[in-house]
2 protein chains.
Amino acid sequence: MVSKNLEISEEIEIPEVISGLRMTRQRQEIYRTLMQQRNHPTANDVFMRVKDRLPNISLATVYNCLEALVQHGIIRQVNFDRESSRYCPNLSEHGHFHDATTGVIHDVSFKPGINLADVLDLPPGAIIEGVEVTLRGKLVAI
Amino acid sequence: MVSKNLEISEEIEIPEVISGLRMTRQRQEIYRTLMQQRNHPTANDVFMRVKDRLPNISLATVYNCLEALVQHGIIRQVNFDRESSRYCPNLSEHGHFHDATTGVIHDVSFKPGINLADVLDLPPGAIIEGVEVTLRGKLVAI
DNA sequence: TTTTATAATTAGAATAATTCTTGATATTGG
DNA sequence: CCAATATCAAGAATTATTCTAATTATAAAA
């Protein structure tokens with residue numbers, strides 16, 4: 001039901017400033033979109049969705065806003081091979097499982113107590129600033 | 001010393017067929033390049049290196065060959081964010097640590113006995129077909 | 001408030017990595 | 001040797017993303 005999403009949108013309130021970033025109208029709407037539709041959309045997906053509310057927004061602005069949000073640690077940018085980047089408002093440390101059959105991306109968390117640095121043989125002196133764990137595969141009925 | 005590499009190249013012998021892929025001259029030279037220079041070159045890096053021996057090779061052919069080698073599981077394609085793909089002949093399961101200061105990429109292996117599936121909360125029914133672990137950071141003197 | 005400075009937005013052009021297309025070459029199997 | 005198939009080369013095309021320049025909005029100062 002297409003209209004349902006529009007009707008539901010219980011206006012998530014977004015502050016004027018997050019992590020030092022001024023939340024302009026465009027950034028608000030883009031962030032709201034990500035919070036509401038947590039299916040790891042591409043910049044173009046976000047562009048199409050947000051046009052309902054900001055008909056004049058440009059794709060360049062979507063890219064600018066997404067980048068600003070990423071730079072300020074408000075959202076995460078996720079890459080799968082050489083596909084378009086996807087964006088994700090889940091800031092907890094997690095990886096991604098890409099179901100090759102449906103294309104759906106599932107967040108994958110680490111089991112409690114697991115620290116990635118503990119299971120890897122890092123080069124001596126390595127200071128980790130960012131981690132990305134990506135899994136590709138199929139989801140079968142269980 | 002630029003000429004040294006050329007002189008050293010102790011002609012690694014490459015079989016006519018690997019994993020069912022006919023090793024044409026171009027594929028041989030590209031594979032040899034990867035085996036000799038294990039610094040995760042891009043397609044363009046490979047192109048420039050391999051031109052010494054195959055002056056007529058085209059970049060498109062380098063891409064074709066790299067793709068054929070990847071498809072046949074002879075090499076791995078490694079992606080960092082949205083940068084150019086890099087290629088790697090190390091087939092053992094491993095991740096990559098990208099030193100932001102120098103740009104150098106280090107292979108990172110799992111500690112013995114570690115199975116990535118054991119430390120992740122995978123969605124039920126997930127069958128893993130490929131894994132990528134990428135770390136970004138700095139290397140400090142110890 | 002007006003003025004001024006700074007930041008954000010827009011539209012479209014530019015870029016860069018990669019893929020595609022087409023025609024030429026080479027290789028293999030019969 | 002000949003036909004079928006695979007590979008290769010050159011350059012055009014594609015696609016995601018970034019850049020440029022002009023406009024608009026916001027904040028800060030007077």
Side-chain angles (χ1 to χ4, degrees), chain A residues 14-33 40-72 74-88 103 105, chain B residues 14-33 40-72 74-88 103 105:
Chain A
I14 294 181
E16 306 241 312
V17 173
I18 303 184
S19 310
L21 181 68
R22 206 175 86 211
M23 289 302 275
T24 63
R25 185 79 206 288
Q26 286 82 349
R27 289 173 186 160
Q28 281 176 32
E29 294 298 350
I30 285 167
Y31 184 55
R32 198 198 312 276
T33 298
H40 304 82
T42 64
N44 199 57
D45 293 337
V46 172
F47 178 50
M48 292 188 308
R49 283 173 190 167
V50 91
K51 267 200 287 199
D52 288 343
R53 300 170 136 254
L54 296 175
N56 296 323
I57 198 168
S58 77
L59 181 56
T61 297
V62 174
Y63 272 105
N64 288 341
C65 292
L66 289 170
E67 157 136 36
L69 293 166
V70 169
Q71 290 310 316
H72 285 74
I74 300 166
I75 63 173
R76 272 184 65 185
Q77 178 171 3
V78 182
N79 297 296
F80 295 94
D81 303 328
R82 302 232 87 239
E83 294 172 25
S84 314
S85 289
R86 294 167 177 279
Y87 298 87
C88 162
I105 292 155
Chain B
I14 295 181
E16 308 240 314
V17 173
I18 304 185
S19 310
L21 180 68
R22 207 174 84 212
M23 290 302 275
T24 63
R25 185 78 207 289
Q26 288 80 346
R27 289 172 186 161
Q28 280 176 32
E29 294 297 350
I30 286 167
Y31 185 56
R32 198 198 314 273
T33 297
H40 305 82
T42 65
N44 199 58
D45 293 337
V46 172
F47 178 50
M48 291 187 308
R49 285 174 190 165
V50 90
K51 267 200 289 200
D52 288 342
R53 301 171 136 255
L54 296 175
N56 296 323
I57 198 168
S58 76
L59 181 55
T61 297
V62 173
Y63 273 104
N64 287 341
C65 291
L66 288 170
E67 156 136 38
L69 293 167
V70 169
Q71 290 310 318
H72 286 74
I74 300 167
I75 63 174
R76 271 184 65 186
Q77 178 171 2
V78 182
N79 297 297
F80 295 94
D81 304 326
R82 302 230 86 241
E83 294 171 26
S84 315
S85 289
R86 294 168 176 280
Y87 298 87
C88 162
I105 292 153

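Convention: sequence-line order gives letters A, B, ...; per-chain numbering from 1. Hydrogens, waters and symmetry mates play no part in the numbers below; they use all other heavy atoms, side chains included.
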Student: Among residues at least two apart in sequence or on other chains, which ones pass side chain to side chain donor-acceptor pair (under 3.5 Å) with A:Glu83?
Tutor: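 In terms of side chain to side chain donor-acceptor pair (under 3.5 Å), with neighbours along the sequence ignored, A:Glu83 is linked to no residue.
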
Student: Quick one: does B:Arg82's side chain have a donor or acceptor within less than 3.5 Å of a partner on A:Arg82's backbone?
Tutor: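 Side chain of B:Arg82 to backbone of A:Arg82: a pair is present.
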
Student: Indicate the atoms forming the closest heavy-atom contact of B:Arg53 with B:Arg32, along with that distance.
Tutor: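 Closest heavy-atom pair between B:Arg53 and B:Arg32: NH1-NE, 3.7 Å.
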
Student: For nucleotides 6-12 of chain D, just jot down a letter per nucleotide in 5' to 3' order: B, S or -, based on protein non-hydrogen atoms under 4.0 Å.
Tutor: -SSBBB-

Student: Among all residues two or more places apart in sequence or in another chain, which pass the side chain to side chain contact (heavy atoms under 4.5 Å, CB included) test with A:Gln26?
Tutor: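 Side chain to side chain contact (heavy atoms under 4.5 Å, CB included) list for A:Gln26, sorted by chain: A:Thr24, A:Leu54, A:Ile57, A:Thr61, A:Cys65.
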
Student: Taking side chain to side chain contact (heavy atoms under 4.5 Å, CB included) as the definition, give me every residue that meets it alongside A:Ala60, ordered by chain and number, with sequence neighbours left out.
Tutor: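 For A:Ala60, the residues satisfying side chain to side chain contact (heavy atoms under 4.5 Å, CB included) (neighbours in sequence not counted) are A:Ser58.
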
Student: If I take atom CG in residue B:Asp81 and atom C1' in nucleotide D:dA16, what distance separates them, rounded to the nearest angstrom?
Tutor: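 Distance check: B:Asp81 CG to D:dA16 C1' gives 15 Å.
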
Student: Rounded to the nearest angstrom, tell me the gap between atom CE in A:Met23 and atom P in D:dA27.
Tutor: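 Rounding to the nearest Å, CE of A:Met23 and P of D:dA27 are 14 Å apart.
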
Student: Would you check if A:Tyr87 and A:Val70 make a side-chain contact, meaning some heavy-atom pair closer than 4.5 Å?
Tutor: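 Side-chain contact under 4.5 Å: yes.
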
Student: Once you round it to whole Å, what is the distance between P of C:dT10 and CD of A:Glu29?
Tutor: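 Whole-Å distance recorded here is 12 Å.
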
Student: Report yes if at least one side-chain N or O of B:Tyr63 is closer than 4.0 Å to OP1 or OP2 of C:dT19; otherwise report no.
Tutor: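 So the side chain of B:Tyr63 is outside the cut-off, no N or O lying under 4.0 Å from OP1 or OP2 of C:dT19.
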
Student: Give the rounded distance in Å between these two atoms: CD of A:Glu67 and C1' of C:dT9.
Tutor: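 So the two atoms are 15 Å apart, to the nearest Å.
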
Student: Test of understanding: with side chain to side chain contact (heavy atoms under 4.5 Å, CB included), list the residues that count as partners of B:Asp81, not counting sequence neighbours.
Tutor: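 B:Asp81 satisfies side chain to side chain contact (heavy atoms under 4.5 Å, CB included) with A:Asn79, A:Glu132, B:Arg136 only.
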
Student: Measure the distance from CZ on B:Arg82 to P on C:dA17 and round it to the nearest whole Å.
Tutor: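 Distance check: B:Arg82 CZ to C:dA17 P gives 12 Å.
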
Student: Provide, to the nearest angstrom, the distance between the CD atom belonging to A:Gln28 and the C1' atom belonging to C:dA8.
Tutor: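 Those two atoms, CD and C1', are 14 Å apart.
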
Student: Within the structure shown, what part of the strands sits under 4.0 Å from A:Ser85 by heavy-atom distance: base, sugar-phosphate, or nothing?
Tutor: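 If one applies the 4.0 Å heavy-atom cut-off, A:Ser85 turns out to touch the sugar-phosphate alone, with no base involved.
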
Student: Let me confirm one number: the CG-CZ distance from B:Asn44 to B:Arg49, rounded to the nearest 0.5 Å.
Tutor: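 So the CG of B:Asn44 and the CZ of B:Arg49 are separated by 10.5 Å.
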
Student: Distance check needed: C:dT19 C1' versus A:Glu83 CD, whole Å only.
Tutor: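 Distance, rounded to whole Å: 15 Å.
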
Student: So, do A:Leu69 and A:Met23 sit near enough that their side-chain heavy atoms are less than 4.5 Å apart?
Tutor: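 Contact flag for A:Leu69/A:Met23 side chains = yes.
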
Student: Note the angle between the end axes of the helix from C:dT1-D:dA30 to C:dG30-D:dC1, five pairs defining each, rounded to 10 degrees.
Tutor: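 Here the local axes at opposite ends form an angle of 30°.
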
Student: From NZ of A:Lys51 over to P of C:dA11, roughly how many Å is that when rounded to an integer?
Tutor: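 Atom-to-atom, A:Lys51 to C:dA11, this comes out as 10 Å.
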
